[in-house]
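Read the structure below first, then the notes.
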Amino acid sequence: MEAQKPNAPQKNVAANHKVRGIKNAFLVIICCFIIAVCLFIFWFGADVHFENGHPIDLWGTVYMGGVIVPVLQTLFLTVIVLSVERGIALHSAKGTGSISKFVGEVKKALAKNDIKAAQAACAKQKGSVAAVVAATLVKYEEMDQNTLLTKEQKLTSLQQAVEEATALEMPSLQQNLPIVATMTTLGTLVGLLGTVLGMIKSFQALSASGAPDSTELSTGISEALVNTAFGIATGACAVISYNFYTNKIDNLTYAIDEIGFSIVQTFAATH
């Protein structure tokens, strides 16, 4: 019975520090779509932005982009919202202090074989890295008291504890990033679709009998350029956001790997 008691805290520590975030990104997309449609109709399409049917400012020009504009605005707003959400989530995953300082404290405690000090550092740091280390230290103490397994089996079990704790944290760290990555391509493609539709209208105006209709021609060109701009902006923001947060996750993963290796090596050297 004594050997099984450490298992319970292992689950609780990981659960308490698991990264929280928006679980249902579909609701975010729906909300962004509603906001985008309202902006398109009640702000961009307001009469104050037009004179004799012609746009007199940038907002009116955006309205001339056509029905593709609300779709592109939805994608753009979704990227912004999910990027902010990931920023908040990864900030909490980082913990309360510097990751490099925390890694140094844990490694120093392990060098002295002071597991309690390492656990105290985890409790102070919090976050995903501390959660993985805390769960591994529980297994460390369990293997330290185990007299049935060989040293090789203990090391294998300890390494598995690191991998399992990391596997529990990674999905919450990477949550919603695949959607941001999808927006990279989707925003560009939808913008291209709007551009093509706008150019079609422009060529229709040019091919009309008699003199080309300047209003129809300008409408088509506006639709093409506005959609191109929104598509490029959406794709660019999505690429920047995805790469930025992926790099942050990699840094957290490297810290976890470094401490996990130190724990295993400390156990191997002292047992």
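If you read the sequence from its start, that first residue is 1, and numbering goes on from there. Worth knowing before you read on, the calculation uses all heavy atoms, side chains too, and leaves out hydrogens, waters and symmetry mates.
The pair Glu142-Lys139 counts as a salt bridge, with a side-chain nitrogen and a carboxylate oxygen less than 4.0 angstrom apart.
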Exercise for the section: Check the pair Ser83 / Tyr245 against side chain to side chain contact (heavy atoms under 4.5 Å, CB included), numbers first and verdict last. Expected result: CA-CA 8 Å; Ser83 296; Tyr245 291 122; 4.1 Å; yes
Problem - Audit row: Val132, Thr253, side chain to side chain contact (heavy atoms under 4.5 Å, CB included) steps and yes/no - result: CA-CA 10 Å; Val132 173; Thr253 304; over 6 Å; no
Exercise for the section: Please lay out, stage by stage, how Cys122 and Leu137 fare under the test side chain to side chain contact (heavy atoms under 4.5 Å, CB included). Expected result: CA-CA 10 Å; Cys122 293; Leu137 291 175; 4.1 Å; yes
Practice task
Evaluate the criterion side chain to side chain contact (heavy atoms under 4.5 Å, CB included) for residue pair Ile88 and Val84; output intermediate values, then yes/no.
Solution key: CA-CA 6 Å; Ile88 296 173; Val84 172; 4.1 Å; yes
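Following chains of ILVMFWY side-chain contacts shorter than 4.5 Å, one cannot reach Val180 starting from Val239, and the two form parts of different hydrophobic clusters. Follow the hydrophobic side-chain contacts under 4.5 Å out from Val69 and you never reach Ile34; the two are in separate clusters. Under the 4.5 Å side-chain heavy-atom criterion for grouping Ile, Leu, Val, Met, Phe, Trp and Tyr, Phe42 is connected to Leu72 within one hydrophobic cluster. Under the 4.5 Å side-chain heavy-atom criterion for ILVMFWY residues, a single connected hydrophobic cluster contains both Ile41 and Val71. If you chain together hydrophobic residues whose side chains sit under 4.5 Å apart, Ile240 and Ile232 never meet in one group.
The side-chain heavy atoms of Val226 and Thr61, taken from C-beta on, include a pair separated by under 4.5 Å. Looking at Lys248 and His91, their side chains never come closer than 4.5 Å, going by heavy atoms from C-beta outward. Phe76 is listed as a side-chain neighbour of Cys237, based on a closest heavy-atom distance under 4.5 Å. Side-chain contact check for Cys32 versus Val81: some heavy-atom pair is nearer than 4.5 Å. Side-chain contact between Asp144 and Ile115 is absent, with no heavy-atom pair separated by less than 4.5 Å. Looking at Met143 and Gln153, their side chains never come closer than 4.5 Å, going by heavy atoms from C-beta outward. Residues Val162 and Ile263 form no side-chain contact, since every pair of their non-hydrogen atoms from C-beta on lies 4.5 Å or further apart. A 4.5 Å side-chain heavy-atom check between Val37 and Phe40 finds every atom pair outside the cut-off.
In Phe33, the CZ atom is not crowded: 12 or fewer heavy atoms of neighbouring residues, nucleotides or ligands sit closer than 6.0 Å. Enclosure of atom NZ in Lys124 is not indicated, since only 12 or fewer non-hydrogen atoms of other residues, nucleotides or ligands lie within 6.0 angstrom. The number of heavy atoms from other shown groups lying within 6.0 Å of CG (Asp47) does not exceed 12.
In terms of heavy-atom proximity, Ser128 sits nearest to Glu169 at OG-OE1, 3.0 Å. Here the closest non-hydrogen pair linking Leu173 and Ala93 is CD2-CB, 3.5 Å. Shortest non-hydrogen contact noted between Gln125 and Gly97 is NE2-O, 3.1 Å. When all heavy atoms of Gln174 and Arg86 are compared, the closest pair comes out as N-NH1, 4.3 Å. Taking every heavy atom of both residues into account, Gln119 and Val138 meet most closely at NE2-N, 4.5 Å. Taking all atoms of both residues into account, the shortest heavy-atom contact from Met183 to Ile29 is CE-CD1, 4.4 Å.
Remark: Phe267 CZ to Thr136 OG1 distance equals 12.5 Å, nearest 0.5 Å. Atoms OG1 and NZ, on Thr266 and Lys112 in that order, are 13.0 Å from each other to the nearest 0.5 Å. In this structure, CD1 in Ile256 is found 12.0 Å from CD in Glu163, a value given to the nearest 0.5 Å. For the atom pair Thr74 OG1 and Phe230 CZ, the distance stands at 10.5 Å (nearest 0.5 Å). In this structure, Ser92 OG and Lys126 NZ are separated by 11.5 Å, a value rounded to the nearest 0.5 Å. Between the NE2 atom in His49 and the CH2 atom in Trp59 there is a gap of 8.0 Å [rounded to 0.5 Å].
The backbone N or O of Ala268 sits less than 3.5 Å from a side-chain atom of Lys151, completing a donor-acceptor pair. Proximity of a side-chain donor or acceptor of Asn227 to a complementary backbone N or O of Gly65 within less than 3.5 Å is detected. At distances below 3.5 Å, not a single donor-acceptor pair connects side-chain atoms of Glu105 with backbone N or O atoms of Ala121. One N or O on the side chain of Thr195 and one on the backbone of Gly191 form a donor-acceptor pair closer than 3.5 Å. Here the side chain of Asn176 pairs a donor or acceptor atom with the backbone of Ile22 at under 3.5 angstrom. A donor-acceptor contact shorter than 3.5 Å links the side chain of Thr246 to the backbone of Tyr242.
Of the residues Val79, Thr184, Ile80, Val190, the one that meets the side-chain contact (heavy atoms from CB on, under 4.5 Å) test with Thr234 is Val79.
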